[in-house]
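Taking it in order: structure first as structure tokens, then the write-up.
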Amino acid sequence: MTRFAELIDGYRRFRATGWQQQRDRWDELAEGQSPKVMVIACSDSRVEPSQIFDTNPGEIFVVRNVAALVPPFETTPGRHGVSAALEFAVQFLKVEEIVVMGHGMCGGCHAALHRTMEGAEPGRGGFIADWIALLDDASADVRAAHPDYDNRIAGRAMEMAGVKVSLDNLRTFPCIEEKEKRGTLRLRGAFFAISDGVLHILDEKTGEFSPA
């Protein structure tokens, strides 16, 4: 189990090797960033986008949250963290692609499918319940298609459905809809299977995920 002291040890190795080896790159990044791709991924510690895609600092703009969810566009009062990140990436960084990456064994999707957080109080699961309520319709569809849903087939179906929900919600943002229609922004869905390390890409025309 890695603890903070071990993280500091890792930082020192990075300063002594990685940072020095890419000094020119870090000097360039000190002037600003210009990533072309935004990745929306889960907070799960097993799913690290920069490792999965083998990228260097400054190459991808990443937002991580429970179940890699994107809420729909809304202007109600609140703290719209994902929406703010989207706005920054699309309007200011002008990313050209947004990738929503779900993953296998996702705890948020499992809770949505099994409704394990329903009725929980804030601080005791209630914040999670409110967040994964974004998947209510999708989880109902998965349960209908898989009456015996306590298995990996239903679990993976839920995880992949979550990617599609986030893609649909992305398209409710006027700036995203406009740029996608103009062809200056492309949305992509992906799914990383922890069990075998295979990345799957969504074909939105067929609705199917296939290995990359």
CZ of Phe73 to NE2 of His80, rounded to nearest 0.5 Å, is 9.0 Å
CA sep, side-chain torsions, deciding dist, call: Leu202, Phe191, side-chain contact (heavy atoms from CB on, under 4.5 Å): CA-CA 8 Å; Leu202 172 64; Phe191 173 85; over 6 Å; no
For the student: nearest non-hydrogen atoms of Ser83 and Phe173, plus distance: OG-CZ, 3.5 Å
As an exercise, state the distance from CZ of Arg186 to CD of Glu97, rounded to the nearest 0.5 Å. 7.0 Å
Does Thr172 reach the main-chain N or O of Asn169 with its side chain, forming a donor-acceptor pair under 3.5 Å? yes
For Met158 and Ala138 the tightest heavy-atom approach is CE-CB, 4.0 Å
Do any N or O atoms from the side chain of Ser139 and from the backbone of Leu113 form a donor-acceptor pair under 3.5 angstrom? no
Any side-chain heavy-atom pair of Gln33 and Glu59 under 4.5 Å: no
Approximate separation, where rounding is to 0.5 Å, of Phe53 CZ and Glu48 CD: 11.0 Å
Of all the heavy-atom pairs spanning Val163 and Ala190, show the shortest one and how long it is. CG2-O, 3.5 Å
Taking side-chain contact (heavy atoms from CB on, under 4.5 Å) as the test, write out the residues that go with Arg182, two or more places apart. Glu178, Lys179, Thr184
May I ask you to say whether Arg46 pairs ionically with Asp44, meaning some side-chain N is under 4.0 Å from a carboxylate O? yes
Let me confirm one number: the CD1-CZ distance from Ile40 to Arg188, rounded to the nearest 0.5 Å. 14.0 Å
Members other than Phe4 in its cluster, when Ile, Leu, Val, Met, Phe, Trp, Tyr link by side-chain heavy atoms under 4.5 Å? Leu7, Ile8
I'd like to know whether Val95 forms a side-chain contact (heavy atoms from CB on, under 4.5 Å) with Lys36, so could you lay out the CA-CA distance, the side-chain angles of the two residues, the decisive distance to 0.1 Å, and finally the verdict. CA-CA 4 Å; Val95 297; Lys36 299 301 181 186; 6.0 Å; no
Taking atom CG of Asp137 as the centre, does the number of heavy atoms from other residues, nucleotides or ligands within less than 6.0 Å exceed 12? no
Glu159 side, atom CD; His110 side, atom NE2 - distance, nearest 0.5 Å: 9.5 Å
Which heavy atom in Met117 sits nearest to a heavy atom in Ala129, and how many Å separate them? O-CB, 3.4 Å
Taking the six-membered ring for Trp, are His114 and Tyr149 ring centroids under 6.0 Å apart? yes
Could you tell me if Arg23 sits above the aromatic ring of Trp26, with its cationic atom closer than 6.0 Å to the ring centre and no more than 45 degrees from the axis? no
Counting C-beta onward and ignoring hydrogens, is there a side-chain heavy-atom pair between Trp131 and Pro71 closer than 4.5 Å? yes
Just by modelled atom types, is the Cys42 backbone N or O under 3.5 Å from a matching donor or acceptor in the Arg64 side chain? yes
Check whether more than 12 heavy atoms from other residues, nucleotides or ligands sit under 6.0 Å from atom CD of Gln20, and answer yes or no. yes
Run Met38 and Val63 through side-chain contact (heavy atoms from CB on, under 4.5 Å) and show every step you take. CA-CA 8 Å; Met38 176 182 192; Val63 171; 3.6 Å; yes
Let's go through Ile98 and Ile176 carefully: what are the C-alpha distance in whole Å and the side-chain angles of both, what is the deciding distance for side-chain contact (heavy atoms from CB on, under 4.5 Å) to 0.1 Å, and is it a yes or a no? CA-CA 10 Å; Ile98 300 176; Ile176 291 176; 4.2 Å; yes
Would you please classify the geometry between the Tyr11 ring and the Phe14 ring as parallel, tilted or perpendicular, with 30° and 60° separating the classes? tilted
Do Arg25 and Glu28 meet the salt-bridge criterion of a basic N to acidic O distance under 4.0 Å? yes
Polar side-chain atom of Lys164 near backbone of Gly207 as donor-acceptor pair, under 3.5 Å: yes
Taking all non-hydrogen atoms of both residues, which atom of Leu86 and which atom of Val70 are closest, and how far apart? CD1-CG1, 3.9 Å
Please tell me if the side chains of Phe61 and Val37 come closer than 4.5 Å, counting only heavy atoms from C-beta onward. no
Residues passing the side-chain contact (heavy atoms from CB on, under 4.5 Å) test with Asn151, sequence neighbours excluded, are Asp148, Ile153, Ala154
For Ala111 and Ile132, the nearest pair of non-hydrogen atoms, with its separation, is CB-CD1, 3.6 Å
Look up atom CG in Asp24 and atom CG in Asp27, then write down how far apart they are to the nearest 0.5 Å. 6.0 Å
